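To keep things clear, I will list the structure first and then write my remarks on it.
Order of the sequence lines fixes the chain letters, A, B, ..., with proteins taken first and strands second; residue numbering starts at 1 for each chain. This structure is a prediction, so every number in the text was calculated from the model and none was measured.
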Number of protein chains: 2
Amino acid sequence: MSARTTLADVAAAAGVSVSTASLAFSGAGPISPATRTKVLEAAGTLGYQGPNPLGRQLRSGRAGIVGVVVGDSLRRSFRDPVSIQVLDGLATSIESLGLGLLLVRGSDEPGAEELNPLVATAAMDVAVLLWGATTDSPVLAALRARGVPIVVVEGRVGEGDALIRIQDRTGMRLIGEHLLALGHRRIATVTLPFDRDGREGPADPARLTHMRYEIARRRLAGLRDAGVEPTVVYETPASLVELGTAAGRALLSSPDRPTAIVAQSDLLASGVLLAARELGLSVPGDVSIAGFDGLDLPWLHPDVLTSVHQPLQTKGELIGRAVADLLAGKKPRTRTLDVSLVVGTTTGPAPV
Amino acid sequence: MSARTTLADVAAAAGVSVSTASLAFSGAGPISPATRTKVLEAAGTLGYQGPNPLGRQLRSGRAGIVGVVVGDSLRRSFRDPVSIQVLDGLATSIESLGLGLLLVRGSDEPGAEELNPLVATAAMDVAVLLWGATTDSPVLAALRARGVPIVVVEGRVGEGDALIRIQDRTGMRLIGEHLLALGHRRIATVTLPFDRDGREGPADPARLTHMRYEIARRRLAGLRDAGVEPTVVYETPASLVELGTAAGRALLSSPDRPTAIVAQSDLLASGVLLAARELGLSVPGDVSIAGFDGLDLPWLHPDVLTSVHQPLQTKGELIGRAVADLLAGKKPRTRTLDVSLVVGTTTGPAPV
DNA sequence: AGGACCCATCAAAACGATTCGACGTGCTCC
DNA sequence: GGAGCACGTCGAATCGTTTTGATGGGTCCT
């Protein structure tokens with residue numbers, strides 16, 4: 001018990017060489033069933049639990065680990081069911097590849113104050129940047145310097161990184177067209193953060209010109225693609241219900257109240273919906289509300305959000321496939337997933 | 001680029017021995033500032049990004065990784081904010097120890113159909129079983145066979161495992177006393193799963209006798225400690241809002257409607273609350289509702305659940321400390337965290 | 001001036017496995 | 001009956017680092 005039993009011990013006990021014992025476990029290479037069972041029996045009596053992963057890893061040069069870099073606080077990152085579902089798909093996907101999932105907090109502050117040392121030192125064969133990596137992210141730089149292959153999700157991709165994303169611009173265009181067809185003309189939008197400075201409130205034109213995060217930018221552009229010019233672009237610092245509620249209160253109690261509000265996430269949209277209920281407004285009678293992501297939010301009952309569904313589970317699996325491709329030495333590619341508009345109970349004809 | 005540069009290369013370039021180069025990086029042992037910078041410069045020009053973790057790990061015998069075993073599906077496990085917050089606390093805590101967090105799916109089906117191979121093969125220095133491990137869990141058995149030190153959270157502990165838990169029995173007693181003091185006599189309870197068979201609905205006495213999961217058992221016992229004998233014990237297969245709603249509908253539309261409902265989690269309680277609203281019942285006028293965990297649920301606005309607060313973040317940190325202790329070779333202990341009753345807007349005097 | 005230290009450096013031995021090439025067998029085929 | 005072949009086994013090298021014990025030169029003390 002004190003000194004862990006090693007493959008050499010097992011080999012000695014079984015009366016074979018270390019290499020043969022190794023073959024008995026790995027199954028690679030020819031070995032007679034007789035010796036194989038002999039080795040396995042010896043392992044059994046010695047309480048040997050299979051080859052030490054550390055030794056195997058060093059020799060093979062592979063850690064068997066995929067580093068998943070999430071936002072600086074897990075609590076904040078995982079408060080959004082979107083992340084969870086993607087992570088779930090990813091986990092099952094890479095598990096079937098025999099890989100483990102290392103969770104790495106990684107602030108992408110370009111000030112590079114203090115980079116999580118794990119990013120630089122932890123053993124990982126591939127890294128997945130789960131949200132909106134920006135090109136100036138120090139995490140990205142550190143990983144690239146280490147030569148770790150990178151999969152970026154919904155961000156801006158650098159040379160040689162794989163990218164997985166959805167058609168969010170198209171999705172938003174669909175919502176815009178849907179609302180226009182219903183006769184809406186005064187449409188406001190509640191957006192995801194433009195930048196990491198935590199700004200909250202209506203964005204002035206100047207702020208709209210340089211948006212750091214791709215997601216907010218693309219989704220806003222999608223709305224414009226439909227020909228919708230939002231009366232107000234209300235920015236939030238995170239995708240949280242309470243921030244949606246705050247935005248909803250502000251937008252819905254203004255004198256020139258919009259007839260429709262499009263939020264860039266379902267969590268924000270549900271906040272807006274709660275604000276509308278709170279103000280005694282009928283949805284969609286007085287105001288239509290649409291979101292993005294296609295989450296299942298039971299506590300919104302009996303309402304069902306009109307939203308753009310993205311295949312979150314599939315997204316995770318696709319990330320897993322990208323990981324496998326990179327490990328196999330294939331060239332990194334960009335894959336874009338389809339989305340679909342699903343009309344719920346929260347959008348209807350514009351009030352006359 | 002093809003063959004990764006190694007410490008030996010750096011040493012050669014700097015004109016020193018490998019051991020000296022190692023010292024330059026690790027900082028252990030004496031080394032002159034001059035040679036140190038010389039080595040670091042050589043590393044810089046060669047693009048060497050510090051010692052290969054795999055080599056270091058093999059030599060030191062430590063992977064620098066804590067395996068966190070969660071339920072069989074991340075999506076289901078992390079749907080509850082409770083888990084997220086604990087994980088967040090744990091992540092920051094072990095990060096400060098310089099350790100990484102390996103997420104491992106682990107079904108604890110005692111049938112042992114197919115154990116996640118990661119449990120048996122992945123490199124980890126300590127394992128944390130995040131929810132309600134039962135003593136017959138094959139995951140537990142596999143880890144113990146490997147000789148991996150184990151921290152169990154809210155489960156039944158085996159010999160030699162550390163255990164972190166909260167005073168949930170006391171917490172439930174507090175809720176029971178609170179309701180009794182308000183004059184409630186017909187009190188029903190909505191519970192977490194007793195077992196993993198997915199049963200849903202009122203539990204008959206037979207079922208109450210063998211409850212596999214500690215949490216449900218202890219929380220139910222706490223209510224009884226207060227002298228409350230629930231009129232109905234409504235079991236749910238998971239801590240989900242919609243299951244709470246279903247339970248609430250059933251309990252609140254029955255002829256001998258209870259005047260108070262205690263749920264074993266805030267998510268369940270909020271579901272019950274939604275059901276009450278749906279049925280047009282006044283809370284707490286017609287029925288009082290209490291939960292457990294102390295979550296911040298903004299979408300319940302303007303209601304605030306009466307609940308027992310448990311220090312989730314602290315819990316995560318405490319798990320981290322237990323991990324550190326085990327790594328330092330200290331003897332595993334059991335730590336129990338305090339809880340406190342926080343009265344919200346959802347409980348009031350029993351209707352006359 | 002000589003001996004006792006001390007400090008920086010180095011060589012070599014782990015750490016635990018995988019894998020390549022070599023080496024015997026025992027068999028088949030001509 | 002001899003040459004060739006396939007199969008199973010083994011020895012040795014290798015992965016990249018850390019760490020221990022030894023070595024050498026310099027400094028300080030007596």
What integer distance in Å separates [X]:[atom1] from [N]:[atom2]?
X: A:Leu7; N: D:dC15; atom1: CG; atom2: P; value: 20 Å
X: B:Ile31; N: C:dC7; atom1: CD1; atom2: C1'; value: 12 Å
X: B:Asn52; N: D:dT14; atom1: CG; atom2: C1'; value: 14 Å
X: A:Gln49; N: C:dA17; atom1: CD; atom2: P; value: 12 Å
X: B:Lys38; N: C:dA8; atom1: NZ; atom2: C1'; value: 11 Å
X: B:Asp9; N: D:dC15; atom1: CG; atom2: P; value: 11 Å
X: A:Tyr48; N: C:dG16; atom1: OH; atom2: C1'; value: 8 Å
X: A:Phe25; N: C:dT18; atom1: CZ; atom2: P; value: 9 Å

For this session: May I ask you to say what A:Leu54 touches in the nucleic acid, namely base, sugar-phosphate or nothing, with a heavy-atom cut-off under 4.0 Å?
Result: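 The residue A:Leu54 makes no contact with any strand.
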
Quick check for you: among [options], whose closest atom lies nearest to any side-chain atom of [X]?
X: B:Pro51; options: D:dT18, C:dT18, C:dT9; answer: D:dT18
X: B:Val18; options: D:dG16, D:dT18, D:dG8; answer: D:dT18
X: A:Arg59; options: D:dT18, D:dT14, D:dC10; answer: D:dT14
X: B:Arg56; options: C:dT9, D:dT18, C:dT19; answer: D:dT18
X: A:Ser19; options: C:dA17, D:dA12, C:dC15; answer: D:dA12
X: A:Ser32; options: D:dC10, D:dG8, D:dG16; answer: D:dG8

Quick check: does any side chain N or O of [X] sit under 3.5 Å from a backbone N or O of [Y], one acting as donor and the other as acceptor?
X: B:Asp325; Y: B:Lys330; answer: no
X: A:Thr121; Y: A:Pro117; answer: yes
X: A:Asp88; Y: B:Leu74; answer: yes

Problem set entry | Passing option when A:Asp136 is tested against A:Arg212, A:Arg196, A:Arg156 for salt bridge (Lys or Arg N to Asp or Glu O under 4.0 Å) |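 Looking at A:Arg212, A:Arg196, A:Arg156, the match for A:Asp136 under the salt bridge (Lys or Arg N to Asp or Glu O under 4.0 Å) is A:Arg212.
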
Exercise. If you measure only the distance, is there a donor-acceptor pair under 3.5 Å linking the side chains of A:Ser32 and A:Thr35?
Worked result: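 Their side chains do contain a donor-acceptor pair, which is all the 3.5 Å distance test asks for.
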
Problem set entry | DNA chain C: 5'-proximal contact among B:Ser17 and B:Ser60 (nearest heavy atom) |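 Taking each residue's closest nucleotide, the earlier one in sequence belongs to B:Ser17.
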
Problem set entry | Residue whose nearest DNA chain C nucleotide is more 5′ - A:Ser26 or B:Pro33 |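 The 5'-side residue here is B:Pro33.
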
Problem set entry | Residue-phosphate contact under 4.0 Å: B:Thr35 side-chain N/O, C:dT9 OP1/OP2 |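 For B:Thr35, the contact criterion (side-chain N or O under 4.0 Å from OP1 or OP2 of C:dT9) is met.
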
